[in-house]
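The next block holds one structure in the form of structure tokens; read it before the comments.
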Number of protein chains: 2
Amino acid sequence: MARVGLTAERLTQAGAELADEVGFDQVTVSALARRFDVKVASLYSHLKNSQDLRTRIALLALEELADRAADALAGRAGKDALTAFANVYRDYAREHPGRYTAARLRLDPETAAASAGVRHSQMTRAILRGYDLTEPDQTHAVRLLGSVFHGYVSLEMAGGFSHSAPDSQESWSRALDALDALLRNWPAP
Amino acid sequence: MARVGLTAERLTQAGAELADEVGFDQVTVSALARRFDVKVASLYSHLKNSQDLRTRIALLALEELADRAADALAGRAGKDALTAFANVYRDYAREHPGRYTAARLRLDPETAAASAGVRHSQMTRAILRGYDLTEPDQTHAVRLLGSVFHGYVSLEMAGGFSHSAPDSQESWSRALDALDALLRNWPAP
DNA sequence: GCGTTTGCCTAAAGGTTTTAGGCAAATTAG
DNA sequence: CTAATTTGCCTAAAACCTTTAGGCAAACGC
């Protein structure tokens, strides 16, 4: 029996590709085994269970997203940084819908705390340094930005803005304009 | 064999309750059959398949949400309307997490067009009549509001804002303040 | 080369989905 | 009020996914 060289990492990577191809909730241990031309039970030496696989894909997606975001943020500030950061999310979701869905998987608190999710909020805070916000407004703004980015991308991914004028790209640009204006003019309580 | 009186409607209703109890993606034809103390195959006289069940729950949730929103909007305008409308979403998601998740199910275009989803966008537009926006800015604003509401509720539901100061309620209020300010002062392109 | 570890295997049990065909309860008609 | 028809829930069965247990052979360490 020739060994294929399965590892948790390769399985996670292949699972992420599978997610992008067939949708995150169609990612199954069986489908992954087929992809490696290997019996299903063999995967259980590398994965605790099906949920473990999904979690690993989620963590991978969070890392990839954070890496891209860090790249995009380098050398930028203000609205430039805001736009670049936001576009990373949107572009990633378009390129990797399955991974993006995975990144939204609910993680248990310890896993979440050890994930790249914390880099995401740190970077959002970094962007806000280009605006004149102090605590607790900065936290409110972090949450609002996260909501808009995730909300817009998620609705767009669900097809909410297709087949209707104006173009979604236009609304996205205007949403970023609006957020920039809002952050420069954050209302007092 | 005593008849239980299954109908698509009763199954949908029970499915929605099940979703709130165990999570939308744990809603299964089998679990529903157990709940009615009936054999699984019996449900297939009333439901096309598993996806049909999920779609029906989604449509139910969209209707309920739209009804609540219409109630909340009656007699309100401006920021008052905005806040009431937004709170309907958030409260519904807290009360009925499974149904809320269902409401975000991707529907095929015809189903979506015949769903209560269209009432939702009509109501969002109605709120914007209290602000001074004309097309295409109104559409951009509709999309932004949808993104914020869905994004915030979704992140909050995923536990993103718990266990950290300030309170999520506070951020929510400030987000609504911010949106109101933004709509009153919508930036030119 | 030899022993140990490790990787993929077979086997098997349990759960969900879905279809096909049957019997009895409910409904309709004479 | 009974007889015919419709309808509802059933049993049976196939297909697929998940997960555990135990085995054999390939890879590795000495």
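Naming convention: chains lettered A, B, ... in sequence-line order (proteins, then strands); numbering from 1 in each chain. It should be emphasised that the depicted structure is a prediction, and the values quoted were computed from it without experimental measurement.
Taking the six-membered ring for Trp and the full ring otherwise, B:Tyr152 and B:Tyr89 have centroids separated by 6.0 Å or more. Between B:Tyr92 and B:His96, a ring centre-to-centre spacing shorter than 6.0 Å is recorded.
If you check residues 19-31 of chain B against DNA chain C, the residues with a heavy atom closer than 4.0 Å are B:Thr28, B:Val29, B:Ser30, listed by number.
Here A:Val4 lies in heavy-atom contact (under 4.0 Å) with sugar-phosphate atoms only.
Comparing C:dC8, D:dC9, D:dT11 by their nearest atom to the side chain of A:Val38 picks out C:dC8. Closest to the side chain of B:Ser50, out of D:dA26, C:dT17, C:dA20, is C:dT17. Listed nucleotides: C:dT18, C:dA24, D:dA25. Nearest to the side chain of B:Arg3: C:dA24.
Here the OG1-CG distance, from A:Thr124 to A:Leu73, works out to 8.5 Å after rounding to the nearest 0.5 Å. Note that CD of A:Glu63 is 6.0 Å distant from CZ of A:Arg119, once rounded to the nearest 0.5 Å.
Rounded to a whole Å, the CG atom of A:Leu43 is 12 Å from the C1' atom of C:dC9. Computed from coordinates, the A:Lys48 NZ to D:dT18 P distance equals 16 Å when rounded to whole Å. Atoms CG (A:Asn49) and C1' (D:dC17) sit 13 Å apart, rounded to a whole Å. Summarising the geometry, the separation between OH on A:Tyr44 and P on D:dC17 is reported as 11 Å, rounded to the nearest angstrom. For the pair A:Asp52 CG and D:dT18 P, the computed distance is 13 Å after rounding to whole Å. C:dT18 atom C1' lies 16 Å from atom CG of B:Leu32, rounded to whole Å. For B:Leu47 and C:dT19, the CG to P distance is 12 Å, given to the nearest whole Å. One interatomic measurement links the two molecules: CZ of A:Arg54 to C1' of D:dC17, which rounds to 11 Å at whole-angstrom precision.
Contact annotation: B:Ser45 does not reach the phosphate of D:dC9 (side-chain N/O to OP1 or OP2, under 4.0 Å). For the OP1/OP2 pair of C:dC8 and a distance below 4.0 Å, the side-chain nitrogens and oxygens of A:His46 include at least one atom meeting the criterion. Under 4.0 angstrom from either OP1 or OP2 of C:dT16 there lies at least one side-chain N or O belonging to B:Arg34. Within the 4.0 Å cut-off from OP1 or OP2 of D:dG8, not a single side-chain nitrogen or oxygen of B:Ser42 is found.
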Pair up each side-chain donor or acceptor in residues 176-189 of chain A with any protein partner under 3.5 Å, not counting sequence neighbours, and list the distances.
from, atom 1, to, atom 2, distance (Å)
A:Asp177, OD1, A:Lys79, NZ, 2.5
A:Asp180, OD1, A:Tyr131, OH, 2.5
A:Asp180, OD2, A:Arg184, NE, 3.1
A:Asp180, OD2, A:Arg184, NH2, 2.8

List, one per line, each side-chain donor-acceptor pair under 3.5 Å for residues 6-16 of chain A, sequence neighbours excluded.
from, atom 1, to, atom 2, distance (Å)
A:Thr7, OG1, A:Glu9, N, 3.4
A:Thr7, OG1, A:Arg10, N, 3.0
A:Arg10, NH1, A:Val4, O, 3.1
A:Arg10, NH1, A:Gly5, O, 2.9
A:Thr12, OG1, A:Ala8, O, 2.6

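Proximity of B:Glu156 to B:Arg94: side-chain heavy atoms (C-beta onward) are separated by under 4.5 Å at one or more points.
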